[in-house]
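Structure record follows, encoded as structure tokens.
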Amino acid sequence: MNYWLMKSEPNCYSIDDLKQDKIEHWDGVRNYQARNMLRDQMKKGDLAFFYHSNCKEIGIVGIMKIVKEGYPDVTARDPENDHYDPKSTENNPRWFMVDVGFVEKLKKVITLNSLKQQPVLAEMPLLQKGNRLSVMPVSKTHWHYIINLREH
DNA sequence: GCCAACGTTGGC
DNA sequence: GCCAACGTTGGC
């Protein structure tokens with residue numbers, strides 16, 4: 001069982017959207033490192049933090065689970081889509097997505113700032129300088145530590 | 001294969 | 001809106 005953190009800009013797609021949709025494709029990832037994780041490493045049943053980036057209250061806002069493993073991201077082949085990539089073809093798809101299911105919305109956002117205050121989490125990829133990956137792994141230790149920071 | 005130019009991400 | 005950090009592109 002693996003743990004992940006996945007970023008989304010809430011004005012694009014937020015935890016409230018997922019709460020409403022219950023299950024949604026996690027499409028639009030156009031970075032090879034992130035693509036490889038979506039395609040090769042994410043397994044059904046894995047859990048992931050939903051992270052709001054580029055917004056007023058930056059941080060972890062919820063929990064979701066992987067309900068469908070990596071398959072070709074169809075938005076790459078849609079010329080109308082913002083993430084259209086003409087180099088991705090049906091026989092040789094370049095980009096992948098997974099399906100995620102809503103698990104819970106946190107009562108209170110665990111802010112990026114508060115994560116930075118935790119020495120235990122210093123090694124998290126999320127907190128490393130210049131890390132812009134929109135999908136990244138979370139260690140089991142870090143996962144449980146963060147889970148315990150939740151307010152009930 | 002190098003690297004300059006450019007685009008994007010995302011915190012502040 | 002700024003800008004640092006990083007990825008990608010493409011000429012050579």
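In what follows, every chain begins at residue 1, and chains take the letters A, B, ... in the order their sequences are listed.
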Closest nucleotide of DNA chain C for A/K129 versus for A/R30: which of these residues is on the 5' side? A/K129

Scan A/K56 against the nucleic acid and name what it touches under 4.0 Å (heavy atoms): base, sugar-phosphate only, or nothing.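 Contact class for A/K56: none.
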
Can you tell me if A/N131 uses its side chain to pair, donor with acceptor, with the backbone of A/P125 under 3.5 Å?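 Judged by distance alone, yes, a pair lies under 3.5 Å.
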
Taking atom C1' of B/dG11 as reference, at what distance in whole Å does atom CG of A/N113 sit?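 Value for this atom pair: 11 Å.
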
Mind calculating the distance between NE2 (A/H52) and C1' (B/dG11) to the nearest angstrom?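 After rounding, the gap between these two atoms is 16 Å.
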
Before you tell me yes or no, could you show the steps for A/I146 and A/M124 under side chain to side chain contact (heavy atoms under 4.5 Å, CB included), namely the whole-Å CA-CA distance, both residues' side-chain angles and the distance that decides it to 0.1 Å? CA-CA 11 Å; A/I146 294 168; A/M124 272 189 91; 3.8 Å; yes

Using the benzene-type ring in the case of Trp, are the ring centres of A/Y3 and A/H144 under 6.0 Å apart? yes

Sorted by chain and residue number, the side-chain contact (heavy atoms from CB on, under 4.5 Å) partners of A/I58 (sequence neighbours excluded) come out as A/Y51, A/C55, A/L112

Residue pairs passing the side chain to side chain donor-acceptor pair (under 3.5 Å) test where at least one lies in residues 52-62 of chain A, sequence neighbours excluded: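 Applying side chain to side chain donor-acceptor pair (under 3.5 Å) to every pair that reaches into residues 52-62 of chain A, excluding sequence neighbours, yields A/E9-A/N54.
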
What's the verdict on side-chain hydrogen bond (donor to acceptor under 3.5 Å, both in side chains) for A/D73 and A/T75, showing C-alpha distance, side-chain angles and the deciding distance? CA-CA 6 Å; A/D73 181 343; A/T75 67; 2.5 Å; yes

Would you tabulate the pairs of protein nitrogen or oxygen atoms and nucleotide nitrogen or oxygen atoms of nucleotides 4-10 of chain B closer than 3.5 angstrom?
residue : atom : partner : partner atom : Å
B/dT8   : O2   : A/R132  : NH1          : 2.4
B/dT9   : O3'  : A/R132  : O            : 3.3
B/dG10  : OP1  : A/K7    : NZ           : 3.0
B/dG10  : OP1  : A/R132  : O            : 2.7
B/dG10  : N7   : A/N54   : ND2          : 3.2

